[in-house]
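Below is one structure, written out as structure tokens; the observations come after it.
Treat the numbers as computed from the prediction; the structure is a model and nothing was measured. Heavy-atom basis, side chains included; hydrogens, waters and symmetry copies ignored.
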Number of protein chains: 6
Amino acid sequence: EDLIGKHKFRYGQAETENQVGVATGLAYTTVGGDTLQIEVSLSPGKGKLILTGKLGDVMKESAQTALSFVRSKTESLGLDANFHEAHDIHIHVPEGAVPKDGPSAGITIATALVSALSKQPIRREVGMTGEITLRGRVLPIGGVKEKTLSAHRAGLTTIILPKDNERDIEDIPESVREDLTFKFVSHADEVLKIALEGGGVQ
Amino acid sequence: EDLIGKHKFRYGQAETENQVGVATGLAYTTVGGDTLQIEVSLSPGKGKLILTGKLGDVMKESAQTALSFVRSKTESLGLDANFHEAHDIHIHVPEGAVPKDGPSAGITIATALVSALSKQPIRREVGMTGEITLRGRVLPIGGVKEKTLSAHRAGLTTIILPKDNERDIEDIPESVREDLTFKFVSHADEVLKIALEGGGVQ
Amino acid sequence: EDLIGKHKFRYGQAETENQVGVATGLAYTTVGGDTLQIEVSLSPGKGKLILTGKLGDVMKESAQTALSFVRSKTESLGLDANFHEAHDIHIHVPEGAVPKDGPSAGITIATALVSALSKQPIRREVGMTGEITLRGRVLPIGGVKEKTLSAHRAGLTTIILPKDNERDIEDIPESVREDLTFKFVSHADEVLKIALEGGGVQ
Amino acid sequence: EDLIGKHKFRYGQAETENQVGVATGLAYTTVGGDTLQIEVSLSPGKGKLILTGKLGDVMKESAQTALSFVRSKTESLGLDANFHEAHDIHIHVPEGAVPKDGPSAGITIATALVSALSKQPIRREVGMTGEITLRGRVLPIGGVKEKTLSAHRAGLTTIILPKDNERDIEDIPESVREDLTFKFVSHADEVLKIALEGGGVQ
Amino acid sequence: EDLIGKHKFRYGQAETENQVGVATGLAYTTVGGDTLQIEVSLSPGKGKLILTGKLGDVMKESAQTALSFVRSKTESLGLDANFHEAHDIHIHVPEGAVPKDGPSAGITIATALVSALSKQPIRREVGMTGEITLRGRVLPIGGVKEKTLSAHRAGLTTIILPKDNERDIEDIPESVREDLTFKFVSHADEVLKIALEGGGVQ
Amino acid sequence: EDLIGKHKFRYGQAETENQVGVATGLAYTTVGGDTLQIEVSLSPGKGKLILTGKLGDVMKESAQTALSFVRSKTESLGLDANFHEAHDIHIHVPEGAVPKDGPSAGITIATALVSALSKQPIRREVGMTGEITLRGRVLPIGGVKEKTLSAHRAGLTTIILPKDNERDIEDIPESVREDLTFKFVSHADEVLKIALEGGGVQ
Ligand SMILES: [Ca+2]
Ligand SMILES: [Ca+2]
Ligand SMILES: [Ca+2]
Ligand SMILES: [Ca+2]
Ligand SMILES: [Ca+2]
Ligand SMILES: [Ca+2]
Ligand SMILES: [Ca+2]
Ligand SMILES: [Ca+2]
Ligand SMILES: [Ca+2]
Ligand SMILES: [Ca+2]
Ligand SMILES: [Ca+2]
Ligand SMILES: [Ca+2]
């Protein structure tokens with residue numbers, strides 16, 4: 001019911017301050033790119049994973065993969081090794097009526113999770129996109145041009161992209177590219193260093 | 001079987017007194033706006049969430065998001081941090097045979113939940129609509145005109161709307177607008193302050 | 001296999017004595033009204049709710065709503081506050097091969113539940129129909145004329161109807177109406193007072 | 001794969017001795033009547049109910065209803081009140097590839113359950129058919145003529161039928177009727193008295 | 001992907017030595033008979049039953065029935081009465097991409113289960129087919145001729161068939177029949193005596 | 001969304017160093033062969049198995065079969081007999097948006113599992129394909145030519161194939177075959193000896 005009206009083409013805007021548990025991803029739809037917020041909330045619980053925001057199966061699996069990556073890295077990230085058993089983890093992606101799918105939010109989900117667990121704020125000027133694997137490899141994604149344009153429009157200034165997408169930025173207009181800092185990464189550890197205030201270590 | 005007959009177009013009416021665990025939302029259908037009651041009931045239990053009232057998937061996810069928001073705010077709201085584990089929570093939206101969907105009841109569900117948990121009555125003259133995110137952000141919704149007309153018809157006098165819907169009220173006839181107080185909010189904390197007798201704090 | 005034969009149009013008949021855990025509801029189908037029995041059985045268990053009788057989703061949700069209403073009222077009803085955790089509750093609606101749906105059995109289910117829990121018999125001459133909400137509100141239903149005719153045919157003499165259906169009884173033939181006592185209710189507490197031998201309190 | 005060949009029209013035959021946990025039901029298909037065996041097996045467990053034999057939803061619900069009836073009658077039947085929590089209960093209806101549905105095996109399932117729990121053998125000459133309700137009422141079923149003919153062919157001599165099916169036996173040929181003893185029942189307690197060696201009490 | 005190529009019509013071959021937890025069944029497809037291996041593996045666990053090998057619903061129910069039969073016979077089989085609660089049981093039927101269904105592997109599954117639980121090897125020259133009921137009855141199956149030919153081709157020499165299939169062997173060519181020993185059984189206890197090295201008792 | 005663009009035909013490349021918990025499988029699609037990585041991650045947990053990477057039912061069953069094989073071999077592999085109960089096991093196959101199915105990754109999954117559990121690295125030059133059974137038998141698969149060409153293209157030098165696929169390598173061009181060492185195996189124990197640095201024993 002809420003999808004009709006003036007707000008249909010509402011574009012994302014950068015956060016006004018660094019926040020804990022909220023990372024900015026870049027999405028790619030048939031009508032162009034957009035930014036999206038990945039929100040993570042922890043509550044005392046028993047290890048339940050709640051995924052909401054009309055997410056497709058691939059995106060849900062991507063969230064599980066990001067979570068297992070973080071769970072396997074608790075020691076090097078300075079996190080409680082048993083956080084999973086003592087908390088319920090809710091990952092939500094507004095806007096709730098807009099269907100979302102694909103693996104390209106993998107590193108964004110991992111970043112929001114580590115932020116929520118470590119209480120380290122995420123730099124508000126950073127947007128990112130990239131598939132994550134279970135061991136933290138960052139795999140290339142599609143729609144680099146459209147995603148980057150939407151990030152620029154939203155006021156983001158640092159863009160994290162997979163190393164294997166490096167050649168795609170030649171498609172982005174010079175006038176946009178000069179406003180942005182691109183970070184090309186091959187592992188999620190690099191993403192955490194760039195996006196988190198504390199660099200992902202405690 | 002019960003959907004045919006004289007009562008087909010029964011419209012909502014404001015409660016006759018302030019109540020605990022019941023908030024008034026505004027809905028938008030193809031044939032116009034309507035008010036709906038969000039009822040929340042707590043019973044001794046083990047953290048089970050029961051959602052009834054022929055709710056679609058987006059509305060169910062919206063209820064989960066509202067609940068996680070409340071669970072993450074127990075401290076500032078003065079609620080028991082472990083309420084979730086000691087209670088089963090039932091959220092029901094009459095009328096049970098009418099299908100309902102969409103994210104716009106998010107803040108209404110959050111308000112009914114906090115009322116039920118804190119035993120603070122909800123002001124009977126308040127109607128509201130707005131999507132909620134996991135951290136309590138209030139996102140804009142559609143159908144402001146129709147929703148407001150139905151709230152007016154039901155006898156409500158205070159209407160809570162998302163900040164990003166402020167410009168939509170120019171579509172509402174002057175004769176209706178003058179009877180109503182509009183509250184434009186960007187965070188669920190503001191909703192609780194307006195709608196709950198005690199302002200959402202204990 | 002059992003649906004073909006002489007018994008196809010078997011109509012309900014009033015119980016021959018007051019019983020515990022069995023309430024008489026009024027149903028409305030495309031070929032007219034009928035009475036149905038709501039049976040509730042408790043066994044030592046762990047809080048499992050079993051719903052049988054080819055019930056549709058709306059009717060199942062209605063049963064959950066009726067149960068939560070009863071669970072939230074244990075104190076005022078003089079019931080054990082933790083009955084839910086120590087028992088499995090089975091709600092069955094014969095005849096098992098006949099599909100049933102809709103919210104109008106809500107107050108009937110609530111009555112059968114309170115009878116089974118309190119061991120108070122239900123008055124055999126009482127038939128009822130009405131949607132229940134989580135806080136016990138009784139909402140109007142359809143098919144008042146057909147339902148009342150079937151109740152009359154079954155030998156019932158007291159009919160409980162929602163307050164908002166009061167004007168519908170003008171459609172019922174005078175010759176039938178004069179045999180019946182109508183009770184118009186707006187809350188389930190009134191239903192329990194009328195239908196249970198002990199008036200729903202212990 | 002196993003449904004083709006010489007055995008396609010294999011008819012049931014009466015057991016050669018009284019057995020524990022196996023009751024003989026009467027079924028009715030588009031090509032005539034047949035007998036079927038309801039087998040019940042108990043194993044040390046945690047209250048799991050396993051239903052096999054390609055049973056349709058109505059028949060599965062009928063089995064749950066029969067089980068709840070037995071669970072609510074443990075005291076009068078001399079059974080352990082907590083049997084349900086200490087055992088897994090498996091109800092199987094051979095032949096495994098033949099689909100079965102409908103409520104008419106209700107009293108047969110209840111009888112096999114009580115036999116397995118009480119270790120009382122079931123009289124081998126008894127066949128039965130009837131829907132069971134949660135409080136043990138026996139409701140009428142269809143196909144009385146075809147079911148009785150198949151029972152006769154199988155060598156059964158005592159036929160238990162619902163009271164409300166009494167008039168249906170006038171359709172059965174005199175030559176068959178004279179070989180059979182009919183028992184018309186309105187409650188499952190009567191079924192247990194007739195079918196179990198010990199009459200269903202210990 | 002793996003179903004295309006030279007191996008499409010790979011036929012089964014008898015094991016080269018007696019093995020624990022692997023029984024040889026006989027299957028019947030539209031293109032003829034084949035042998036299949038039923039593998040059973042036990043691991044320390046909590047009573048979970050895992051069924052793999054692209055099994056249809058009837059075959060899955062058949063496996064559950066075989067397991068319940070074995071669980072109800074622990075005493076006479078000399079097995080630990082509580083094995084079910086202390087182990088997870090995995091039943092697999094290679095080849096994993098080939099769909100399989102029907103009840104005729106019942107006795108084969110039971111034999112593999114008892115072998116795995118008792119550590120008694122299964123005689124490598126034995127092939128078998130037959131539906132099992134909850135109390136161990138062996139019911140007739142189809143495709144005796146095709147199944148026997150495939151067993152012969154695989155090098156098996158002892159064939160266990162249901163008693164009620166005895167007349168079907170007249171369809172098997174004399175030249176094949178003379179190479180084989182047929183065992184006709186009516187109860188699973190007989191199967192265990194023939195197929196297990198130790199005869200199914202300890 | 002991520003499936004469109006320059007990276008559509010990205011082929012696999014051998015790892016740059018030996019790794020723990022990552023094995024290289026060979027896949028066969030309608031457009032040719034490809035390599036894929038099977039990643040295994042262990043976290044403190046309760047025995048949950050998580051399977052991601054858009055896997056079809058046959059591949060999921062294959063993963064369960066590989067896991068049960070490893071669970072039944074803990075003693076001979078020098079693994080903790082109860083690892084399953086103390087850990088959650090996540091098996092992921094990038095790329096997350098590409099559907100995968102079939103049983104031919106069986107031995108690859110088993111190898112990655114044993115590597116993750118024993119912390120023994122997997123030789124980076126080894127690629128493998130073969131269905132696994134519950135007792136570790138390796139069954140033949142399809143697409144040997146296409147799979148081998150993709151392994152060669154990715155820089156792998158040792159190829160593990162099922163014994164029953166030995167004759168298929170005559171289809172591979174001589175110029176490719178001379179660069180590769182083929183290992184033909186009939187049991188998963190042989191796979192572990194070849195692929196793991198420590199030969200699968202501790
Ligand atoms: Ca947007
Ligand atoms: Ca610029
Ligand atoms: Ca309404
Ligand atoms: Ca006015
Ligand atoms: Ca009726
Ligand atoms: Ca009259
Ligand atoms: Ca038959
Ligand atoms: Ca005769
Ligand atoms: Ca084969
Ligand atoms: Ca010969
Ligand atoms: Ca690839
Ligand atoms: Ca070469």
request  = Over all heavy atoms of both residues, which pair between F:Ser41 and A:Ser72 is shortest? Give the atoms and the distance, please.
outcome  = OG-CB, 3.6 Å
message = Could you walk me through whether F:Glu15 and A:Arg135 satisfy the salt bridge (charged side-chain N to carboxylate O under 4.0 Å, His left out) test, starting with their C-alpha distance in whole Å, then the side-chain angles of each, then the deciding distance to 0.1 Å, before giving a yes or no?
response = CA-CA 13 Å; F:Glu15 299 287 330; A:Arg135 52 189 161 141; 2.9 Å; yes
message = Looking at every heavy atom in both F:Pro44 and A:Ala81, which two are closest together, and how far apart are they?
response = CG-O, 4.2 Å
task = Might you work through the side chain to side chain contact (heavy atoms under 4.5 Å, CB included) test for F:Gln37 and A:Arg137, ending with a clear yes or no?
result = CA-CA 11 Å; F:Gln37 307 299 310; A:Arg137 289 280 173 94; over 6 Å; no
request  = Find the distance between CG (A:Leu49) and CD1 (F:Ile50) and round it off to the nearest 0.5 Å.
outcome  = 8.5 Å
request  = Against chain F, label A:Thr65 side chain, backbone, both or neither, depending on which of its atoms sit under 4.5 Å from a heavy atom there.
outcome  = both
inquiry  = Do F:Lys54 and A:Asp57 make a side-chain contact, defined as non-hydrogen atoms from C-beta onward lying under 4.5 Å apart?
reply    = no
remark   = Heavy atoms of A:Leu134 and F:His90 approach each other most closely as CD2-O, 3.3 Å
Side chain, backbone, both or neither of F:Val93 within contact of chain A (heavy atoms, under 4.5 Å) = neither
inquiry  = Quick check: closest heavy atoms across A:Arg71 and F:Asp88, and the distance to 0.1 Å?
reply    = NH2-OD2, 3.1 Å
Closest contact, heavy atoms only, F:Glu39 versus A:Thr133 = OE2-OG1, 2.6 Å
key: Pairs of heavy atoms under 4.5 Å with chain F: top-ranked of A:Gln64, A:Glu85, A:Lys60   = A:Gln64
ask   = Checking A:Glu131 side chain against F:Gly96 main chain: does a donor-acceptor pair fall under 3.5 Å?
value = yes
